[in-house]
Amino acid sequence: MAETVQRPGLDPRGYIEREGSFARIAPDFRPVVATARDRLLDVFGARVDSAYLYGSVPRGTARVGRSDLDLLVALRAEPADADREDARALGEALDKEFAQIDGVGTLLYSRARLLSDLETYDLGWFVACLCTPLLGEDLAEYLPRYRPDSVLARETNGDLAVLLPRWRDRIAAAEDSEEARRPLVRYMSRHLVRTGFTLVMPRWNGWTSDLGEMAEAFASYYPRRAEQLRAAAALGHDPTGDPAVLRSYVDDLGPWLAAEYARVHGVKAPRPD
């Protein structure tokens with residue numbers, strides 16, 4: 001029998017509440033955010049439709065010198081290679097200027113794609129629930145309210161089987177060093193934990209972005225894999241460059257999770273990229 005307990009992250013009607021706000025940004029990160037906002041306007045100008053913060057900084061959980069700054073920019077047209085290069089250069093400049101952050105990640109999409117039917121339960125949900133408005137019109141006004149159901153689970157993380165071959169290629173192409181592998185461990189650890197969580201999200205009936213809470217929610221339904229996801233949650237915060245960790249992700253945990261995800265929720269609709 002499915003659980004009906006209301007978990008954190010939901011409003012009284014059972015919809016996922018938007019996480020993050022400017023009020024939660026720690027004082028150490030406010031100059032970074034203010035500069036990022038100004039630089040986005042300088043770099044993209046009238047091409048920007050709207051821009052957002054997401055991740056630990058607007059949630060108020062960022063760690064000085066350890067957390068990255070995550071941005072999403074909605075452009076008025078489909079992003080071109082020149083736009084991506086501008087975003088990369090902007091991120092590098094912010095990272096060098098502010099010791100408070102450890103890297104900058106900027107997602108670029110067109111307004112049309114973010115509001116498309118295909119992306120309603122993936123990028124649309126991401127904007128509406130996980131992003132904090134920084135510039136321009138808030139596209140959440142054009143998107144529905146979301147519940148932690150199987151459709152959302154499928155469309156957010158139901159593509160792990162497609163990603164695994166790409167992960168193997170990235171691992172093979174990486175320089176043979178701890179420093180080169182560490183970002184891969186962090187990224188893949190976080191992705192696997194979030195996928196494990198959304199696998200059980202409809203039964204758990206709630207939302208959280210805390211990796212530890214995600215792993216514990218997963219553990220209550222898949223105890224045999226619990227320690228693997230707990231370890232991945234820890235590495236998502238403090239990654240090593242151990243090649244054995246990466247091998248275990250693409251040869252064991254990842255394939256099992258992809259197969260179980262497809263069995264429970266189905267496969268994510270194909271995307272153009």
### Message
As an exercise, state the distance from CZ of Arg59 to OG of Ser67, rounded to the nearest 0.5 Å.
### Response
9.0 Å
### Query
Among the clusters formed by ILVMFWY side chains lying less than 4.5 Å apart, do Val151 and Tyr15 turn up in the same one?
no
### Message
Tell me the closest heavy-atom pair linking Asp252 and Pro255, and the distance in Å.
### Response
O-CD, 3.3 Å
### Task
For the residue pair Arg225 and Leu253, establish whether any side-chain heavy-atom pair is separated by less than 4.5 Å.
yes
### Message
Is there a side-chain contact between Leu235 and Asp242 in this structure, where contact means two heavy atoms from C-beta onward sitting under 4.5 Å apart?
### Response
no
### Message
Any donor-acceptor pair under 3.5 Å linking the side-chain atoms of Thr35 with those of Glu97?
### Response
no
### Task
Say whether Tyr222 and Glu260, considering side chains only, have a donor N or O and an acceptor N or O under 3.5 Å apart.
yes
### Query
Would you call Arg88 and Glu92 a salt bridge, using N to O less than 4.0 angstrom?
yes
#### Entry: N-O pairing of Lys268 and Asp122 below 4.0 Å
yes
### Task
For the pair Glu19 and Ser209, evaluate side-chain hydrogen bond (donor to acceptor under 3.5 Å, both in side chains) and give the outcome as yes or no after the intermediate values.
CA-CA 9 Å; Glu19 63 177 30; Ser209 284; 2.8 Å; yes
### Nearest-0.5 Å distance that lies between atom CG in Leu139 and atom CG in Asp49
5.5 Å
### Query
Is the NZ or CZ atom of Arg182 positioned over Tyr187's six-membered ring, under 6.0 angstrom from the centre and within 45° of the axis?
no
### Message
Would you say that more than 12 heavy atoms from the other residues, nucleotides or ligands in this model lie under 6.0 Å from the CG of Asp176, or not?
### Response
no
#### Entry: Arg271 side chain reached by Arg113 side chain, heavy atoms, under 4.5 Å
yes
### Message
Give me the atom names and distance for the closest heavy-atom approach of Leu257 to Gly196.
### Response
CD2-N, 3.8 Å
### Query
So, Tyr54 versus Phe126, ring centres under 6.0 angstrom or not?
yes
### Message
Test of understanding: clusters of I, L, V, M, F, W, Y form through side-chain heavy atoms closer than 4.5 Å, transitively. Do Tyr52 and Leu41 belong to the same one?
### Response
no
### Query
When rounded to the nearest 0.5 angstrom, what is the spacing between CG in Leu199 and CE in Met214?
12.5 Å
## Note on the structure
Smallest heavy-atom separation, Gly124 atom then Leu143 atom, equals O-CD1, 3.2 Å
### Query
Hey, are Asp83 and Arg47 close enough for a salt bridge, meaning a charged N less than 4.0 Å from a carboxylate O?
yes
### Task
Answer yes or no: is there a side-chain heavy-atom contact under 4.5 Å between Asp102 and Arg186?
yes
#### Entry: Side chains of Glu137 and Ser50, donor plus acceptor under 3.5 Å
no
### Message
Count I, L, V, M, F, W, Y as connected when their side-chain heavy atoms are under 4.5 Å apart, and connections chain through other members. Are Val104 and Phe29 then in the same cluster?
### Response
yes
### Message
Minimum heavy-atom separation for Thr195 and Tyr261, please, with both atom names.
### Response
O-CE1, 3.2 Å
#### Entry: Salt bridge Asp81-Arg84, side-chain N to carboxylate O under 4.0 Å
yes
### Query
Would you call Arg111 and Glu78 a salt bridge, taking side-chain N to carboxylate O under 4.0 Å as the test?
no
### Message
When you compare the side chain of Pro148 with that of Trp207, does any pair of heavy atoms fall below 4.5 Å?
### Response
no
### Message
So Leu130 and Trp125, do their side chains get closer than 4.5 Å, heavy atoms only?
### Response
yes
### Summary
Minimal heavy-atom distance between Pro239 and Val185, with the atoms involved, is CB-CG1, 4.0 Å
### Query
Distance from Asp42 atom CG to Asp86 atom CG, nearest 0.5 Å?
11.5 Å
### Query
With the 4.5 Å side-chain cut-off for hydrophobic clustering, are Leu134 and Leu107 part of the same group?
no
### Message
For the CG atom of Asp70 and the CG atom of Leu53, what is their distance to the nearest 0.5 Å?
### Response
9.0 Å
### Cation-pi, Tyr121 ring and Arg154 (6.0 angstrom, 45 degrees)
no
### Task
Calculate, to the nearest 0.5 Å, the distance between atoms NE2 and OG1 belonging to His265 and Thr156 respectively.
8.5 Å
### Query
Between the side chains of Asn157 and Thr198, does any donor sit under 3.5 Å from an acceptor?
yes
### Task
Check whether any side-chain heavy atom of Asn205 lies under 4.5 Å from a side-chain heavy atom of Leu10, and answer yes or no.
yes
### Task
Count the heavy atoms of every other residue, nucleotide or ligand shown that sit under 6.0 Å from CD of Glu179, and state whether that count exceeds 12.
no
### Query
With a 4.0 Å cut-off, would you call Arg181 and Glu175 a salt bridge?
no
### Query
Mind checking whether Leu152 and Ile16 have side chains closer than 4.5 Å, heavy atoms only?
yes
#### Entry: Exercise: identify the closest heavy-atom pair between Ala140 and Val127
N-CG1, 4.4 Å
### Task
Using a cut-off of 6.0 Å, state whether more than 12 heavy atoms not belonging to Asp117 lie near its atom CG.
no
#### Entry: Gln100 side-chain N/O to Asp28 backbone N/O, donor-acceptor pair under 3.5 Å
yes
### Query
With no hydrogens and no angle check, is any side-chain donor or acceptor of Arg18 less than 3.5 Å from a backbone partner on Ala128?
yes
### Message
With clusters defined by side-chain heavy atoms of hydrophobic residues (ILVMFWY) lying less than 4.5 Å apart, directly or transitively, does Leu108 cluster with Leu123?
### Response
no
### Task
Determine whether the aromatic ring centres of Phe218 and Trp204 lie less than 6.0 Å apart.
no
